[in-house]
2 protein chains.
Amino acid sequence: MDRMKTPTDRPYHHGDLRRAVIETASAMLREDNNWQFTLREVARRAGVSHGAPYKHFPDKESLLAELARQGFEQLQEALAASTARSRSIRKELLAAGTANVRFGVGNPALYRLMFGSGTGSRTAGVHLRERTLPTRGFLVDILRRGQEAGVFKKHALQGQAAACWAQVHGLTLLSIDGLLMAEKVGADPVEAALVHLLEGLELAGPAKR
Amino acid sequence: MDRMKTPTDRPYHHGDLRRAVIETASAMLREDNNWQFTLREVARRAGVSHGAPYKHFPDKESLLAELARQGFEQLQEALAASTARSRSIRKELLAAGTANVRFGVGNPALYRLMFGSGTGSRTAGVHLRERTLPTRGFLVDILRRGQEAGVFKKHALQGQAAACWAQVHGLTLLSIDGLLMAEKVGADPVEAALVHLLEGLELAGPAKR
DNA sequence: ACCTGAACACCGTTCAAGT
DNA sequence: ACCTGAACACCGTTCAAGT
């Protein structure tokens with residue numbers, strides 16, 4: 001991964017094409033919000049013939065599925081890292097939600113790919129549910145501790161988690177689409193929505209003005 | 001729209017090709033959750049040459065944009081119709097949320113198209129915000145009346161609306177992806193999440209168990 | 001004014017041939 | 001074992017020619 005593509009380094013056999021293809025594709029996804037993801041273009045950028053990637057991925061879908069898989073890993077790491085320095089359960093939920101939105105806004109094409117229909121339905125289709133299990137589990141864990149600590153209302157964890165997840169997922173996608181900066185809202189609408197979410201969760205809400 | 005394609009009915013000039021193209025495309029979107037939407041296939045099904053649609057739409061994107069536009073119209077109608085028989089503001093919000101989810105689950109490819117990056121960014125890109133204004137306005141209206149009636153907490157309407165919208169949008173997309181029917185949840189997770197949403201909104205929550 | 005059919009550039013995928 | 005290059009089927013888009 002360190003040594004870059006010098007003409008002498010890749011005479012005929014690339015040697016690390018699988019990784020190169022993934023990295024190139026990932027870069028294209030990062031810059032191209034614009035869904036013109038082409039396998040031939042990936043090969044072109046990687047400096048190999050258009051047939052070469054087929055030795056490492058059975059088809060285009062498989063490559064995209066792999067990118068999505070890595071995306072879920074990254075998201076999971078981002079979520080885990082976000083709550084590291086949170087000093088209250090309430091702030092953990094706030095941090096995790098913000099991290100999810102930030103991840104989506106920072107990688108819009110990837111986030112869409114992860115939850116898109118193309119890769120979502122077929123290859124990763126059966127797996128999409130288990131791919132998102134860590135995220136669910138992460139939320140459930142926060143909520144359970146919140147309930148045990150007497151901070152959150154004691155409702156069914158799965159339902160509570162589903163509500164939180166939907167809220168965060170929706171905020172992320174609306175943010176990606178640039179649909180949240182409304183007319184003249186002073187505060188960050190994402191944080192406002194998350195605070196609102198907490199308000200429904202918490203037993204004792206902060207002084208309602 | 002009534003008379004169907006009989007061989008004698010379309011000797012050379014179709015006569016109503018624009019509408020036929022839209023209807024065919026719409027049908028394909030309805031059956032094909034699977035994003036293989038092809039302009040040539042549309043022409044094929046409509047029984048015209050693959051070049052014909054270009055007399056009515058400058059390109060593929062434009063056709064998709066038109067489908068998305070109609071989709072937002074339908075969604076708006078579905079939302080308006082959903083609250084017609086609601087006998088409380090609380091139930092209005094519940095009905096609207098359920099209607100949105102139902103619309104998305106009923107027309108997954110269309111819903112994705114409406115909020116997708118392809119048509120969403122370019123052609124309809126500048127318009128996506130205004131396309132969704134009616135939905136926002138619809139929510140704001142419910143919330144304002146709720147606040148005035150003393151049912152909902154008095155927070156900034158835009159923030160409250162954003163939170164509701166994100167919740168509903170997220171629930172819709174997660175439902176489309178089949179990600180909400182968790183392990184062994186008895187109740188409908190969508191309704192559970194919406195009830196949870198209301199709990200954060202309402203001034204006096206129902207007896208918290 | 002509206003539609004057809006050939007034409008062009010480009011893709012995904014396959015495969016015999018090269019190294 | 002891994003990569004190349006021709007080949008095939010298919011798309012989006014254009015355009016001269018038909019009606």
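Only this structure's heavy atoms are used, side chains among them; waters, hydrogens and symmetry mates stay out. Note on naming: letters A, B, ... go to the chains in the order of the sequence lines (proteins, then strands), and numbering restarts at 1 for each one. All of these numbers come straight from a predicted model, not from anything done at the bench.
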Original post:
Do A:Leu139 and A:Val168 come close enough that some side-chain heavy atom pair is under 4.5 Å?
Top reply: no
Original post:
Step by step, would you call A:Glu41 with A:Arg44 a salt bridge (Lys or Arg N to Asp or Glu O under 4.0 Å)?
Top reply: CA-CA 5 Å; A:Glu41 174 70 15; A:Arg44 228 172 276 134; 2.6 Å; yes
Subject >> Side-chain H-bond candidate by donor/acceptor type, B:Glu66 with B:Gln70, under 3.5 Å >> reply: yes
Original post:
Using a 3.5 Å cut-off on both pairing distances, which stems of three or more Watson-Crick or G-U pairs include DNA chain C?
Top reply: C:4-8 with D:12-16, C:12-16 with D:4-8
Subject >> Side-chain (A:Gln167) to main-chain (B:Gly170) donor-acceptor, under 3.5 angstrom >> reply: no
**OP:** Could you check how far CZ of B:Arg18 sits from P of C:dC3, rounded to whole Å?
**Re:** 12 Å
Original post:
When you measure from the side chain of B:Lys153 to the backbone N and O of B:Gly200, does any donor-acceptor pair fall under 3.5 Å?
Top reply: yes
Original post:
Got A:Leu133 and A:Arg136 here, is their nearest side-chain heavy-atom distance under 4.5 Å?
Top reply: yes
Original post:
Just wondering, are more than 12 heavy atoms of other shown residues or ligands nearer than 6.0 Å to CD in B:Glu191?
Top reply: no
Original post:
In whole angstroms, how far is the P atom of C:dC2 from the NE2 atom of B:His56?
Top reply: 6 Å
Which donor-acceptor pairs under 3.5 Å do the side chains of residues 96-111 of chain B make with protein atoms, sequence neighbours left out?
| residue | atom | partner | partner atom | Å |
| --- | --- | --- | --- | --- |
| B:Thr98 | OG1 | B:Leu94 | O | 2.8 |
| B:Asn100 | OD1 | B:Tyr111 | OH | 3.3 |
| B:Asn100 | OD1 | B:Thr172 | OG1 | 3.3 |
| B:Asn107 | ND2 | B:Phe103 | O | 3.0 |
| B:Tyr111 | OH | B:His169 | ND1 | 2.8 |

Subject >> Reading 5' to 3' through nucleotides 11-19 of chain C, protein heavy-atom contacts under 4.0 Å coded B for base, S for sugar-phosphate only, - for none >> reply: BBBB---BB
